[in-house]
Amino acid sequence: MDKNWKLQRYDRKDYTELVDFPVEIVGRDGVVRRYTFEDSIRLYQRRITFAPIRYRDNDLIRAEVNHCRSRIDQLRRSYFHRYGWGTPEGQPGAEESFGDLAGELAAFLCRVLTVTGRPEIRFDRVEDAQQTAFSTWYVTPQDAKSGMLLYFYRFGGTSPDESREVFFASLKSLEGMGRNAGDAERLIAFHHTVDCGFVLTGRGADFSSFVQSAKGDARPVDIAPTPWDEILEIVRRGDYEAALRRCRELVVSQPWHRNAYVAGAMLAAFLGEHLVGEDLALVGSRYFPEDGVLLHYLGLCRSRLGRDEDAESALRQAIELSPDLVSARALLAVHLVQRRRHREALDVLRSRRGVDPDDRRADADLQHLEHWIQWRAWMIYGGAAMVLVGLGTFPLQQVAGVAAALLGAFLAGLGWFAFHRQLDSMLARQRFEEISQGLRRLHRTTRDDLVVS
């Protein structure tokens with residue numbers, strides 16, 4: 001698809017209309033799917049994460065990111081328009097107080113207060129802080145005897161990581177207060193996403209009047225992204241070393257977290273930490289013995305550690321468990337070719353016929369490799385035959401014999417050289433796309449319908 005045409009598609013987008021919820025979004029496959037407000041926001045935030053992976057051109061990446069941010073603003077603006085609270089005349093409006101995050105905050109309060117329409121609440125600022133990254137508010141629901149404290153954080157500006165650290169430190173401190181009654185401040189609910197965080201607290205004596213669980217036992221409402229969402233955000237920022245550390249920490253606390261094993265092994269392989277990658281893939285394969293992706297990364301790391309037999313065994317198991325896994329099949333085929341086992345490599349490539357690949361673009365590389373293996377054999381064997389013919393005719397026709405022998409040697413050398421150039425190009429492309437292919441695979445596993453256009 002032409003770059004200019006893609007950029008024109010972005011320019012034609014309209015972000016002024018108000019949308020209804022659940023919102024309908026057209027996927028890349030042309031299917032219309034319905035999303036809640038929270039899911040639609042996270043969808044576009046993840047698209048921002050995957051923009052550098054989906055596109056290689058900087059202009060297209062910038063256009064995709066700007067498009068997703070505009071859609072997020074449109075969704076938040078629409079949600080507040082339909083479900084936001086009213087402001088008494090003479091008081092600052094919601095947009096003046098909370099800016100473009102008013103819709104996100106309205107959705108958070110509607111979930112916490114379990115209201116389906118507009119929440120009847122009042123906001124009073126606790127302090128006259130001039131900074132926009134953090135503020136404290138006293139929130140009073142209608143007909144409530146007392147109010148709650150809202151800590152509002154905006155993750156942006158020159159130091160977004162610092163504001164996140166302040167948010168999580170405050171949250172940890174409040175969680176440590178336990179179930180204190182009386183006048184002690186107690187956590188009611190919290191929420192955080194890529195660009196903001198909210199913490200809602202109340203007095204222990206009034207806690208149960210605000211939030212009740214299904215069993216009538218009041219407890220904090222956790223409606224925040226998971227640690228896995230945080231890992232994806234770190235990957236979006238390109239800090240692969242930190243993302244690898246978080247994956248290793250996550251599998252310790254959640255040993256059945258399959259995606260953390262896969263992402264950790266993928267990042268370790270990309271960073272050259274092959275022993276770490278092997279360890280993550282091996283442990284993960286013990287928890288998920290039928291998972292071909294984990295065995296693929298196990299084979300990848302062992303191959304780069306020089307353990308050829310173990311690598312080949314793991315890759316063959318990966319293909320047996322997941323025949324659609326193009327990366328494992330490509331790695332095994334290249335592994336066999338490099339060891340001059342071309343016939344076995346052809347068998348591996350041909351056995352994919354009739355299997356729907358998980359990555360059609362990568363599958364095209366396998367088809368090219370299959371053709372190049374055949375062309376290599378024809379050119380080398382054909383060139384060798386011409387050399388023999390030239391040597392045979394040399395005593396009778398010296399000029400013709402020399403010409404045939406030289407032409408045969410040239411064809412054989414050209415076949416060998418061209419094949420290895422193609423093989424090196426394929427290996428370089430695979431290494432370059434390790435992160436993008438791996439994350440696309442994880443993305444499909446987590447939410448099949450998440451990638452939209």
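Throughout, numbering of the chain's residues begins at 1 and tracks the sequence.
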Evaluate the side-chain contact (heavy atoms from CB on, under 4.5 Å) criterion for residues Ser285 and Leu282: first the C-alpha distance (whole Å), next the side-chain angles of each, then the deciding distance (0.1 Å), finally the verdict. CA-CA 5 Å; Ser285 66; Leu282 181 61; 4.1 Å; yes
Set out, in order, the CA-CA distance, both residues' side-chain angles and the distance that settles side-chain contact (heavy atoms from CB on, under 4.5 Å) for Leu149 and Val139, then state yes or no. CA-CA 6 Å; Leu149 282 177; Val139 182; over 6 Å; no
Decide yes or no on salt bridge (charged side-chain N to carboxylate O under 4.0 Å, His left out) for Arg245 and Asp239, but give the supporting numbers first. CA-CA 10 Å; Arg245 290 195 300 271; Asp239 192 353; 5.2 Å; no
Step-by-step side-chain contact (heavy atoms from CB on, under 4.5 Å) determination, Ile41 to Arg76: CA-CA 8 Å; Ile41 293 295; Arg76 287 172 170 168; 4.0 Å; yes
One pair to check against side-chain contact (heavy atoms from CB on, under 4.5 Å): Leu280 and Val262. What are the steps and the verdict? CA-CA 8 Å; Leu280 284 166; Val262 174; over 6 Å; no
Please determine whether salt bridge (charged side-chain N to carboxylate O under 4.0 Å, His left out) holds for the pair Asp59 and Arg62, giving the CA-CA distance in whole Å, both sets of side-chain angles, and the decisive distance to 0.1 Å. CA-CA 5 Å; Asp59 291 335; Arg62 191 158 42 248; 2.6 Å; yes
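Tyr79 contributes no side-chain N or O that, together with a main-chain N or O of Val19, makes up a donor-acceptor pair within less than 3.5 Å. A donor-acceptor pair is defined here as one N or O able to donate and one able to accept, closer than 3.5 Å; such a pair exists between the side chain of Ser253 and the backbone of Leu250. A distance-only check finds no donor-acceptor pair linking the side chain of Thr114 to the backbone of Cys110 [under 3.5 Å]. No side-chain donor-acceptor contact under 3.5 Å links Ser78 to the backbone of Leu18. Panel note: side chain Arg164, backbone Val194; a donor-acceptor pair is recorded below 3.5 Å.
Annotation for Ser303 and Asp308: closest pair O-OD1, 4.4 Å, computed over non-hydrogen atoms. The two atoms that bring Ala318 and Ala328 nearest to each other are CB-CB, 4.1 Å, heavy atoms only. In this structure, Val112 and Ala189 approach most closely via the heavy-atom pair CG2-CB, 3.6 Å. Of all heavy-atom pairs between Ala243 and Val235, the closest is CB-CG2, 3.7 Å. Closest approach of Ile25 and Ser40 over heavy atoms only: CD1-CB, 4.4 Å. Nearest heavy atoms, Tyr297 versus Ala281: C-CB, 4.1 Å.
The shortest distance between side-chain heavy atoms of Tyr35 and Leu43 falls below 4.5 Å. Within the 4.5 Å cutoff, no side-chain heavy atoms of Val251 are placed close to those of Val283. Side-chain atoms of Leu105 and Leu150, non-hydrogen and from C-beta on, do get closer than 4.5 Å to each other. A 4.5 Å side-chain heavy-atom check between Tyr83 and Val115 finds every atom pair outside the cut-off. Taking 4.5 Å as the limit, every side-chain heavy atom of Met266 sits out of range of all side-chain heavy atoms of Leu300. Side-chain contact between Arg33 and Glu24 is absent, with no heavy atoms from C-beta onward closer than 4.5 Å. Leu109 has its side chain within reach of Leu200: a pair of non-hydrogen atoms, C-beta onward, lies under 4.5 Å apart. Side-chain contact between Arg34 and Val23: absent, with no pair of heavy atoms (C-beta onward) separated by less than 4.5 Å.
A salt bridge is defined here as a Lys NZ or Arg NE, NH1 or NH2 lying under 4.0 Å from an Asp or Glu carboxylate O, and Glu278 with Arg304 fails to meet this definition. A salt bridge links Asp100 with Arg154: the distance from a Lys NZ or Arg NE/NH1/NH2 to an Asp or Glu carboxylate oxygen falls below 4.0 Å. Salt bridge Glu309/Arg302: absent, no basic N to carboxylate O contact under 4.0 Å. The pair Arg42-Asp39 fails the salt-bridge criterion, with no side-chain N (NZ, NE, NH1 or NH2) lying under 4.0 Å from an Asp/Glu carboxylate O. Using a cutoff of 4.0 Å between basic side-chain nitrogens and carboxylate oxygens, Arg258 and Asp291 are scored as salt-bridged.
Within a 6.0 Å radius of CZ in Arg248, no more than 12 heavy atoms belonging to other residues, nucleotides or ligands are found. Counting non-hydrogen atoms of other residues, nucleotides and ligands closer than 6.0 Å to CD of Glu344 gives a total above 12. Atom CD of Glu320 has 12 or fewer heavy atoms from other residues, nucleotides or ligands within 6.0 Å.
Note that the CZ atom of Phe155 and the CG atom of Asp195 stand 8.5 Å from one another [nearest 0.5 Å]. Atom CD1 in Ile231 sits 6.0 Å away from atom CZ in Arg246 (nearest 0.5 Å). With values rounded to the nearest 0.5 angstrom, Asp57 atom CG is found 7.0 Å from Ile61 atom CD1. A distance of 9.0 Å separates OH of Tyr240 from CG of Leu271, quoted to the nearest 0.5 Å. Between atom OH of residue Tyr153 and atom OG of residue Ser135 there is a gap of 9.5 Å, rounded to the nearest 0.5 Å. Rounding to the nearest 0.5 Å places CD1 of Ile48 at 5.0 Å from SG of Cys68.
Here the two rings, on His192 and Phe168, have centers that are under 6.0 Å apart.
With 3.5 Å as the limit, one finds no donor-acceptor pair spanning the side chains of Glu104 and Thr193. Residues Tyr15 and His67 have side chains that bring a donor and an acceptor to within less than 3.5 angstrom of each other. Side-chain atoms of Asp14 and Thr16 form a donor-acceptor pair, as typed in the model, at a separation below 3.5 Å.
None of Gln317, Arg307, Arg341 except one satisfies the side chain to side chain donor-acceptor pair (under 3.5 Å) rule with Glu312; the exception is Arg341. Of the residues Leu331, Leu295, Leu298, Asp310, the one that meets the side chain to side chain contact (heavy atoms under 4.5 Å, CB included) test with Leu315 is Leu331. Checked options Phe152, Phe167, Phe190; the residue passing with Phe198 is Phe152 (criterion: ring-ring contact (aromatic ring centres under 6.0 Å, His included)).
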